[in-house]
Amino acid sequence: MSAPQTVPPDGGGRPGGSSRGPAATLAPGPDRRTPGRSVIRPSRSIVAAVTAVLLVGGAGSAWAWTEHEDRVAAEQASAQDRASDVLAAQVRDADEVEAQAADAARVRSAAVLSDARAVLAAAAEHARATLAASDGAVADDAVRKALAAELAGADAALAATGPGAGQSATALRSLSAALAASDAAVVGAHDAWLAEEAAAAAAAAAAPRPSTPGKPATSAPSCGTTYSGPPFYTSPATAGGDGSNGRLPPEALAAISWDVDPHGTPYFLKNAAAAALERLNTAFRGEFGHNLDLDLTYRDYDTQVAMRAALGSVAATPGTSTHGTGLALDVPELPCEYGWDTPQRSWMVSNGPSYGWVSPSWAGRNGSNPEYWHFEYRG
Ligand SMILES: [Zn+2]
C-alpha cells in the first residue's frame, strides 16, 4: 500500500517517516496545497482498507461484545445457579430444623406423659397401701369406698395408656389429683380412728376391773375360734418380689430376733414394723417374763391363695391380706395365753399402740371378724 506522505506545517519530518492516522493524512486545506502536487484524496484502496478495518474491527468488536454478553449471561446463570443452590440448602436446613423441632416436641410430650403416668402409678400404689392399712379401721367406710372407686379409675387409665391410647398428661394428672385427695381423706379418717382406739384403750386400762363376789376378778379367758382349716405357716421373703402384697423381697423385710416358726422360717416383718416389735417385746418380757409368742407374720401370695382355697371367704382375698404387706402378726391361738380377756391380750391392746401395734376394730370381740390373735403395725 502506498501511504501518502504528508509534510507537517513546520516542515519537519520524522526519520523513517511514520504513518499517521488517516484523519491527519486526509485533512484537506488550501494552505496545504502545494503547487505542483496533486490534492491528496483518499484512494479507493484506502477506503476499502479502512472500511475493512472498520468492518473487521466492528466484527471483532461485535464478536467481542457477543462474547462478553455470553460471558455475562453465563456468569449470571452461574450466579443464579449458585443462588438457587444456596436457597435450596437454606430450605433443606429449615426443613431439618423444623424436623428436629418436631422430634424434640414429640420427645418432650412423651416425657411429660411418662411423668404423668409415673405420678399416677405412685398415687395408685399409695392408695392401695392406704386401703389395706385402713381396712376396718375408719369410723365410716364411705371414704374408703370412694378411694377404691378412684383407684379403680386410675388403674383403668394406667392399663389403657399404652402407645396410641391417646391418654393425655392433663387427664392423668387430674386423676392423680383426685386420687390423692381421696387418699388424704381416708388417711385422715384412719388417723382419727386410731386416736379414738388409743383413747378407748387407755380408758379401759385405767378403768377398775369388774369384780363379782365368788367369781374371778376378770372374765375367764376365752379362745373360741371358728378356724378349723389346715395349719399355715409364716412365709420366707419372696425372692425377686416386686414389693406388692405377698411379694415382698428380702430387702424389704427384717426377721425378728427371738424366735423362728416350727419350720425354722424366721418371722419376717417390714423393717419398721420389726424394729417396733423388738421394742414392744422388750416391754412385754419385762411384764410377763418371756418373749411374745408368734404364730405367723409375713404371708406370701401363694400361701394366701392356698388359704383362700382351703378356707373360702374367711381368708382374705389374695393380694389384700395385711400379712402380705409385712405389717401384721398373729400370736398363737392355743394354748389360750392370748385369748379374750387374758392379761397378755389386754396388755397388747393397751400397750401395743405406743409401739405402733394395734388390734384392728374388725378383729375385736364385737368386730366384723373377731380374731384375738391378730395385730397390725400402723406406725
Ligand atoms: Zn392375722
### Query
Is there a path of hydrophobic side-chain contacts, each under 4.5 Å between heavy atoms of I, L, V, M, F, W or Y residues, that connects L327 with Y301?
no

### Task
Just do the side-chain contact (heavy atoms from CB on, under 4.5 Å) check on L269 and I256 with the steps written out, would you?
CA-CA 7 Å; L269 288 167; I256 60 110; 4.0 Å; yes

### Task
Drop me the distance from N281's CG to F288's CZ, to the nearest 0.5 angstrom.
11.5 Å

### Message
One pair to check against salt bridge (charged side-chain N to carboxylate O under 4.0 Å, His left out): R82 and D85. What are the steps and the verdict?
### Response
CA-CA 5 Å; R82 280 198 302 277; D85 283 353; over 6 Å; no

### Query
Can you name the nearest heavy-atom pair linking A169 to V112, along with the distance?
CB-CG1, 3.6 Å

## Note on the structure
So CG of D115 and CZ of R173: to nearest 0.5 Å the spacing works out to 8.5 Å

#### Entry: Euclidean distance, S182 OG relative to R144 CZ, rounded to 0.5 Å
11.5 Å

#### Entry: Verdict with reasoning, Y377 to T322, per side-chain contact (heavy atoms from CB on, under 4.5 Å)
CA-CA 9 Å; Y377 180 69; T322 49; over 6 Å; no

### Task
Check the hydrophobic clustering (I, L, V, M, F, W, Y; side-chain heavy atoms under 4.5 Å; chains of links allowed) and say if W362 and W193 are grouped together.
no

### Query
Is there a side-chain contact between Y233 and L296 (heavy atoms, below 4.5 Å)?
no

### Task
Measure the spacing between OG1 of T317 and CZ of R308 and express it to the nearest 0.5 Å.
4.0 Å

### Message
So, taking the atom named CG in L175 and the one named OG1 in T170, what distance separates them when rounded to the nearest 0.5 Å?
### Response
11.0 Å

### Message
Run the side-chain contact (heavy atoms from CB on, under 4.5 Å) test on H323 and H374 for me, step by step, so that the C-alpha distance in whole Å, both residues' side-chain angles and the decisive distance to 0.1 Å come before the verdict.
### Response
CA-CA 10 Å; H323 287 285; H374 181 96; 3.3 Å; yes

### Query
Given the rule that I, L, V, M, F, W and Y join up when any side-chain heavy atoms are under 4.5 Å apart, are W340 and M348 in one cluster?
yes

### Task
Report yes or no: do S84 and D81 form a side-chain donor-acceptor pair below 3.5 Å?
no

### Message
Would you say L158 ends up clustered with L151 if hydrophobic residues are merged whenever their side chains have heavy atoms under 4.5 Å apart, either directly or through other cluster members?
### Response
yes

#### Entry: Side-chain heavy-atom pair N351, L280 within 4.5 angstrom cut-off
no

### Task
Scan side-chain atoms only and decide if T234 and D261 contain a donor-acceptor pair under the 3.5 Å cut-off.
no

### Query
Side-chain heavy atoms under 4.5 angstrom apart, residues restricted to Ile, Leu, Val, Met, Phe, Trp, Tyr: same cluster for V358 and V138?
no

### Stepwise salt bridge (charged side-chain N to carboxylate O under 4.0 Å, His left out) check, R92 with D95
CA-CA 5 Å; R92 271 199 307 278; D95 286 350; over 6 Å; no

### Task
Assess whether atom CD of E69 is packed by more than 12 heavy atoms of other residues, nucleotides or ligands within 6.0 Å.
yes

### Query
Which atom names give the shortest non-hydrogen contact between V349 and S359, and what distance separates them?
CG2-CB, 4.2 Å

### Query
Heavy-atom distance under 4.5 Å between the side chains of R128 and D155, does that happen here?
yes

### Task
Report yes if some heavy atom in the side chain of Y267 is under 4.5 Å from a heavy atom in the side chain of D259; otherwise report no.
yes

### Query
Is there side-chain contact between L334 and C223, with at least one heavy-atom pair below 4.5 Å?
yes

### Message
When you compare the side chains of E337 and H290, does any donor N or O come within less than 3.5 Å of an acceptor on the partner?
### Response
yes

### Query
Would a distance-only check, ignoring hydrogens and angles, find a side-chain to backbone donor-acceptor pair under 3.5 Å from S168 to A171?
yes

#### Entry: salt bridge (charged side-chain N to carboxylate O under 4.0 Å, His left out) assessment of E376 paired with R378
CA-CA 6 Å; E376 293 182 359; R378 298 282 166 75; 2.5 Å; yes

### side-chain hydrogen bond (donor to acceptor under 3.5 Å, both in side chains) between T130 and D183, worked out
CA-CA 7 Å; T130 299; D183 194 328; 2.8 Å; yes

### Task
Flag the pair L277 / Y355 as yes when at least one side-chain heavy-atom distance between them is below 4.5 Å, and no otherwise.
no

### Side-chain cluster (under 4.5 Å, hydrophobic types only) that Y298 belongs to, other residues
L248, L253, F268

### Between E371 and N369, a side-chain donor and acceptor under 3.5 Å
yes

### Query
Nearest 0.5 Å, what's the CG-CG distance between L179 and L172?
12.0 Å

### Message
Determine whether a donor-acceptor pair (N or O, by modelled atom type, separation under 3.5 Å) exists between the side chain of S346 and the backbone of T342.
### Response
yes

### Query
Any side-chain heavy-atom pair from W258 and L292 closer than 4.5 angstrom?
yes

### Query
Going through the distances and angles, do E333 and Y372 end up as a side-chain contact (heavy atoms from CB on, under 4.5 Å)?
CA-CA 8 Å; E333 292 168 55; Y372 56 81; 3.5 Å; yes

### Message
Does any part of the side chain of L147, heavy atoms only, come nearer than 4.5 Å to the side chain of L131, both counted from C-beta?
### Response
yes

### Task
Cation-pi check, R345 to Y338: give yes when NZ or CZ is under 6.0 Å from the six-membered ring centre and within 45° of the ring axis, no otherwise.
no

